Amino acid sequence: MTRSRAASDGTPSALMSTYYAQRASAGLIIAEGTHPTAAGRLGPGVPGLHSDAHRRGWSRVADAVHDAGGRIFVQLMHAGRLAHPTFLPDGLHPVAPSAIAARTEVYTADGRRPAVRPQPLTGAQTLAIVDDFARSAERAMAAGLDGVEIHAANGYLLQQFLAENTNLRTDDWGGTTEGHIRLTVEVVRAVAAAIGPHRVGLRISPGNRFGDVSEPTRTSPTHRWSRSWHRRSWPTCTSSRQAAPSSTTASGTCGQALSW
């Protein structure tokens with residue numbers, strides 16, 4: 001759950017250290033959505049993990065949680081088309097698999113504003129995002145965090161690639177089930193290779209329409225993908241959350257890297 005308590009540059013604040021330490025008795029904490037690259041920022045006050053300042057801030061959070069007897073994973077999340085030019089730095093513009101604006105509003109420093117039309121990612125840019133996730137996960141380990149959860153739900157970038165109403169591509173990053181799931185698979189594989197699969201979780205929620213995504217039950221690429229897990233070399237994941245079948249959210253630690 002986003003708390004929006006980071007500094008203006010995305011560095012975790014002292015208040016965040018206090019907040020998570022107060023919840024250390026929960027056992028394993030999954031921290032709020034954290035952007036692995038500047039273009040993936042969700043809004044003002046949302047933390048990042050792509051600079052040395054961010055790493056130092058998360059280190060203070062990790063130390064506070066560990067001192068209180070808890071464990072903490074950080075949730076890596078790229079906002080994709082749910083970002084907004086008003087809070088992205090250096091003239092960056094929101095990106096997505098296809099140039100389709102979300103029919104929703106996003107939070108900015110000036111209040112809620114309509115989502116803008118994103119710029120479609122090139123194949124090379126999409127591969128760079130895979131590396132962004134891996135490098136961010138490495139910073140998480142350097143900060144002393146216990147692991148990462150990759151956020152592929154709630155209408156953010158990875159789910160934008162998974163969903164057929166937001167991904168109209170016909171190249172290797174869309175079109176087929178393999179194409180739609182490719183970015184999520186590549187991100188999990190890269191992160192697992194960087195920090196170890198036992199420190200990696202994946203969150204999906206194909207029944208969740210937040211962010212104007214649509215993944216119909218039983219027919220979406222995510223559902224077809226999940227039904228094949230027992231036949232392929234998917235990770236062994238232990239689920240930590242489970243919702244109703246129409247809105248499934250799975251998250252857990254994975255025993256090996258994904259492959260298709």
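For clarity, every value in this text was computed on a predicted model and none was experimentally measured.
- Side-chain heavy atoms closer than 4.5 Å link hydrophobic residues (I, L, V, M, F, W, Y) into clusters, and following such links, even through other members, never connects Leu82 to Ile129.
- Crowding of Arg112 atom CZ: a count of heavy atoms from other residues, nucleotides or ligands under 6.0 Å exceeding 12.
- For the residue pair Ala38 and Leu88, the shortest heavy atom distance occurs at O-CD2, 3.6 Å.
- When atom types are taken as modelled, the side chain of Arg60 and the backbone of Ala14 share no donor-acceptor pair closer than 3.5 angstrom.
- Two different hydrophobic clusters hold Met77 and Val74 under the rule that ILVMFWY side chains link at heavy-atom gaps under 4.5 Å.
- Using a 4.5 Å cut-off between side-chain heavy atoms of Ile, Leu, Val, Met, Phe, Trp and Tyr, with links allowed through other members, Val148 and Leu42 fall into different hydrophobic clusters.
- Between the side chain of Gln160 and the backbone N or O of Gly155, at least one donor-acceptor pair lies under 3.5 Å.
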Dump the intermediate steps for side chain to side chain contact (heavy atoms under 4.5 Å, CB included) on Ile29 and Phe73, then the final yes or no.
CA-CA 6 Å; Ile29 296 171; Phe73 276 36; over 6 Å; no
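- Closest non-hydrogen pair, Gly48 versus Thr34, comes out as C-CG2, 3.3 Å.
- Annotation: side chain of Gln75 is in contact with side chain of Arg203 (closest heavy-atom distance under 4.5 Å).
- The distance from the CE atom of Met141 to the CG atom of Asp146 is 7.0 Å, given to the nearest 0.5 Å.
- A distance of 9.5 Å separates OG in Ser98 from CZ in Arg81, rounded to the nearest 0.5 Å.
- Atoms CD1 and CG, on Ile181 and Asn167 in that order, are 12.0 Å from each other to the nearest 0.5 Å.
- Put simply, the side chain of Ser4 reaches to within 4.5 Å of the side chain of Val46, judged on heavy atoms.
- With Arg41 contributing its side chain and Phe87 its backbone, the two residues share a donor-acceptor pair below 3.5 Å.
- Contact between Val130 and Leu183 at its shortest, heavy atoms only, is CG2-CD1, 3.6 Å.
- There is a side-chain donor-acceptor pair under 3.5 Å between Glu32 and Tyr20.
- With a 4.5 Å cut-off on side-chain heavy atoms, Ile72 and Leu28 do not count as touching.
- Taking both residues in full, the closest heavy atoms of Ala102 and Gly211 are given as CB-O, 3.8 Å, listed atom of the first, atom of the second, then distance.
- Looking at heavy atoms from C-beta onward, Tyr156 lies out of side-chain contact with His78 at the 4.5 angstrom threshold.
- Between His35 and His50, the distance separating the two ring centers is shorter than 6.0 angstrom.
- Linking Ile, Leu, Val, Met, Phe, Trp and Tyr residues whenever their side-chain heavy atoms come within less than 4.5 Å places Leu162 and Val95 in a single cluster.
- Residues Leu121 and Leu157 have side chains in contact (heavy-atom distance under 4.5 Å, counting atoms from C-beta outward).
- Side chain to side chain, Thr108 and Asp110 fail the donor-acceptor criterion of an N or O pair below 3.5 Å.
- In this structure, the separation between CG on Leu158 and OG1 on Thr184 is 4.5 Å, given to the nearest 0.5 Å.
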Is there a side chain to side chain contact (heavy atoms under 4.5 Å, CB included) between Glu164 and Glu215 once you walk through the steps?
CA-CA 7 Å; Glu164 292 174 306; Glu215 293 193 84; over 6 Å; no
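- Side-chain contact between Trp58 and Met16 is present, with heavy atoms from C-beta onward closer than 4.5 Å.
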Side chain to side chain contact (heavy atoms under 4.5 Å, CB included) evaluation trace for Ile100 with Leu168
CA-CA 9 Å; Ile100 304 171; Leu168 305 184; 3.4 Å; yes
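- Side-chain N/O atoms of Ser214 and Arg209 include a donor and acceptor closer than 3.5 Å.
- A donor-acceptor distance shorter than 3.5 angstrom exists from the side chain of Thr122 to the backbone of Gln125, with no hydrogens or angles considered.
- Put simply, the side chain of His66 reaches to within 4.5 Å of the side chain of Arg71, judged on heavy atoms.
- The two atoms that bring Val213 and Ala163 nearest to each other are CB-CB, 4.2 Å, heavy atoms only.
- Across Pro47 and Pro12, no two heavy atoms sit closer than the pair CB-CG, 4.5 Å.
- Distance check: Arg55 CZ to Leu145 CG gives 11.5 Å after rounding to the nearest 0.5 Å.
- Residues His54 and Ser51 bring a donor and an acceptor atom of their side chains to less than 3.5 Å of each other.
- Other residues, nucleotides and ligands contribute at most 12 non-hydrogen atoms within 6.0 Å of the CZ atom of Arg117.
- The cationic atom of Arg182 (NZ for Lys, CZ for Arg) does not lie both less than 6.0 Å from the six-membered ring centre of Phe161 and within 45° of the ring axis.
- Under a cutoff of 6.0 Å and an axis angle of 45°, Arg23 and Tyr19 form a cation-pi pair.
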Starting from the C-alpha separation in whole Å, work towards a yes-or-no answer on side chain to side chain contact (heavy atoms under 4.5 Å, CB included) for His84 and Tyr107.
CA-CA 8 Å; His84 199 277; Tyr107 290 99; over 6 Å; no
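- Once rounded to the nearest 0.5 Å, the distance linking CZ of Arg135 with CG of Leu49 reads 12.0 Å.
- Although no hydrogens or angles enter the test, the distance criterion places a donor-acceptor pair under 3.5 Å between the side chain of Gln159 and the main chain of Ser205.
- Within the 4.5 Å cutoff, side-chain heavy atoms of Val116 are placed close to those of Pro94.
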